[in-house]
Amino acid sequence: EGERVYDGSIFKLEEHTSRLFYSAKRMGIEIPYSEDEINVASNKIISIQKVDNGYVRPVIWRGSEMMAISAQQTKTHVAIATWEWGSYFDPKLKVEGIKLNISNWRRPAPNTIPWDTKASGLYMICTLSKHEAENQGFDDSLMLDYRGYIAEATGANIFFVKNDEIHTPVADCFLDGITRQTVIEIAKKENLKVIETRLKIEDLSQYSECFVTGTAAEVTPVKSINEIQFNPGNVCKLLIEKYTELTLS
């Protein structure tokens with residue numbers, strides 16, 4: 001899992017821990033602790049480490065008692081790390097917006113991988129995509145799904161704005177992020193219409209705003225996707241403001 005600490009408090013800790021247990025179950029791993037024990041340990045470690053604004057990384061992995069594919073007899077290990085940490089992107093990009101290219105790697109079909117888990121194996125193509133983007137002078141990469149529809153960035157969900165309506169891909173082959181869900185809730189409270197639908201690359205030019213969301217990325221505007229330009233407008237600025245207020249409440 002990946003969790004943010006704001007003013008000494010872990011944001012949406014219970015939701016993250018529940019997802020941790022869901023991911024482990026999907027991967028056939030039984031966690032030797034309860035959700036409450038993980039929550040207590042997470043809060044304890046940020047207190048011990050004196051982390052006021054940072055990141056928390058609970059990790060679960062199988063031991064080395066067995067070789068090859070089968071892991072039925074391995075031990076389950078749990079660790080929780082935390083550290084002070086600032087913005088995922090350069091702070092000035094939170095205002096100007098980030099630049100994305102389009103990755104050659106695609107999100108795999110849901111019957112090929114446990115797509116709705118937060119598991120390290122799902123990040124291999126994300127790392128390859130982001131490295132390529134950075135080497136080309138971009139900040140991140142937009143990934144398509146196995147059908148060719150817009151999916152997400154390498155570590156964040158993506159949203160587009162047209163006529164004050166928010167459009168976002170259907171999360172049916174990539175992680176439905178906790179921040180994604182939170183931003184959708186905020187938008188609806190602000191009487192903004194949110195449409196979850198199939199989005200195509202060829203339709204990008206019809207959107208005026210674009211932004212990504214994630215525990216690390218928070219709400220970050222997108223300046224461009226390849227040659228298509230966007231302007232961080234009123235919708236994006238409102239959601240950044242409201243999300244920031246929520247994390248500090």
Side-chain angles (χ1 to χ4, degrees), residues 1-16 19 46 51-56 82-100 118 138-142 150-171 174-197 199 204-225 228-249:
E1 270 301 314
E3 303 156 7
R4 277 274 192 176
V5 181
Y6 297 99
D7 289 341
S9 179
I10 303 174
F11 185 60
K12 292 189 175 291
L13 171 60
E14 290 79 11
E15 289 91 333
H16 280 284
R19 187 172 68 182
I46 66 167
V51 175
D52 291 321
N53 292 281
Y55 208 72
V56 181
T82 185
W83 58 92
E84 286 284 337
W85 195 54
S87 178
Y88 181 60
F89 295 106
D90 188 309
K92 70 176 183 179
L93 298 179
K94 297 282 285 186
V95 177
E96 298 174 0
I98 59 174
K99 297 188 298 181
L100 308 181
K118 194 168 180 68
F138 295 90
D139 303 297
D140 205 346
S141 192
L142 174 66
I150 292 171
E152 59 178 346
T154 60
N157 295 122
I158 194 162
F159 293 80
F160 299 88
V161 179
K162 179 174 66 174
N163 300 326
D164 288 337
E165 290 184 350
I166 299 172
H167 298 244
T168 191
V170 178
F174 57 86
L175 197 66
D176 181 7
I178 291 172
T179 308
R180 177 184 186 272
Q181 297 170 33
T182 302
V183 167
I184 289 174
E185 290 174 5
I186 292 172
K188 290 180 178 179
K189 286 180 181 178
E190 295 298 321
N191 296 315
L192 292 168
K193 187 175 182 180
V194 180
I195 301 170
E196 297 183 65
T197 186
L199 301 176
L204 282 178
S205 59
Q206 67 182 267
Y207 301 104
S208 58
E209 299 180 53
C210 178
F211 58 92
V212 297
T213 65
T215 298
E218 300 167 298
V219 182
T220 299
V222 173
K223 181 179 182 180
S224 64
I225 300 177
I228 305 297
Q229 301 292 313
F230 305 95
N231 292 310
N234 293 332
V235 173
C236 186
K237 292 174 183 177
L238 174 65
L239 293 174
I240 291 173
E241 176 187 344
K242 294 300 180 181
Y243 182 78
T244 301
E245 288 176 2
L246 186 61
T247 63
L248 301 177
S249 62

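Values reported hereafter were calculated over all heavy atoms of this structure, with side chains retained and with hydrogens, waters and symmetry mates removed.
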Lys223 vs Glu96, test: salt bridge (charged side-chain N to carboxylate O under 4.0 Å, His left out). Steps then yes/no. CA-CA 7 Å; Lys223 181 179 182 180; Glu96 298 174 0; 5.2 Å; no

Heavy-atom check, side chain of His16 versus side chain of Ile10, under 4.5 Å: no

Which heavy atom of Ala153 sits nearest a heavy atom of Asp140, and at what distance? CB-OD2, 3.8 Å

To the nearest 0.5 angstrom, please state how far the CD atom of Glu15 sits from the CD1 atom of Ile178. 6.0 Å

What I'd like to find out is whether the side chain of Phe230 reaches to under 4.5 Å of the side chain of Ile225, using heavy atoms alone. yes

Only distances under 3.5 Å count here; give the side-chain donor-acceptor pairs of residues 155-165 to other protein atoms, sequence neighbours excluded, each with its distance to 0.1 Å.
| residue | atom | partner | partner atom | Å |
| --- | --- | --- | --- | --- |
| Asn157 | OD1 | Gly177 | N | 3.1 |
| Asn157 | ND2 | Leu175 | O | 3.1 |
| Lys162 | NZ | Gln206 | OE1 | 2.4 |

Determine whether Val183 and Thr168 satisfy the following criterion, side-chain contact (heavy atoms from CB on, under 4.5 Å), listing intermediate values before the conclusion. CA-CA 11 Å; Val183 167; Thr168 191; over 6 Å; no

At their closest point, which heavy atom of Cys236 faces which heavy atom of Phe211, and how far apart are they? SG-CB, 3.8 Å

Inter- and intrachain pairs under side chain to side chain donor-acceptor pair (under 3.5 Å), touching residues 180-193, at least two apart: Asp176-Arg180, Arg180-Glu196

Is the number of heavy atoms from other residues, nucleotides or ligands within 6.0 Å of NZ (Lys12) greater than 12? yes

Heavy-atom closest contact (Gln229 atom, Ser224 atom, distance): NE2-CB, 3.6 Å

Heavy-atom closest pair (Ala217 atom, Thr220 atom, distance to 0.1 Å) is O-OG1, 2.7 Å

Nearest 0.5 Å, please: how far is CD1 in Ile98 from OH in Tyr88? 8.5 Å

Passing option when Val5 is tested against Asn53, Asp52, Val56 for side chain to side chain contact (heavy atoms under 4.5 Å, CB included): Val56

So, taking the atom named CG in Leu142 and the one named SG in Cys210, what distance separates them when rounded to the nearest 0.5 Å? 8.0 Å

Between the side chain of Thr82 and the main-chain N/O of Tyr55, is any donor-acceptor distance below 3.5 Å? yes

Going by heavy atoms in the side chains, are Ile166 and Ile195 under 4.5 Å from each other? no

Search all heavy atoms of Pro169 against all heavy atoms of Ala151 and return the closest pair with its distance. CG-O, 3.4 Å

Mark yes when over 12 heavy atoms from residues, nucleotides or ligands other than Asp90 sit less than 6.0 Å from its CG; otherwise mark no. yes

Okay, side chain of Glu3, backbone of Leu13: is any donor-acceptor separation there less than 3.5 Å? no

To the nearest 0.5 Å, what is the distance between CZ on Arg4 and OG1 on Thr179? 9.5 Å

Table please: side-chain donor-acceptor pairs of residues 238-249 below 3.5 Å, with sequence neighbours left out.
| residue | atom | partner | partner atom | Å |
| --- | --- | --- | --- | --- |
| Thr244 | OG1 | Ile240 | O | 2.7 |
| Thr247 | OG1 | Thr244 | O | 2.8 |
| Ser249 | OG | Leu246 | O | 2.8 |

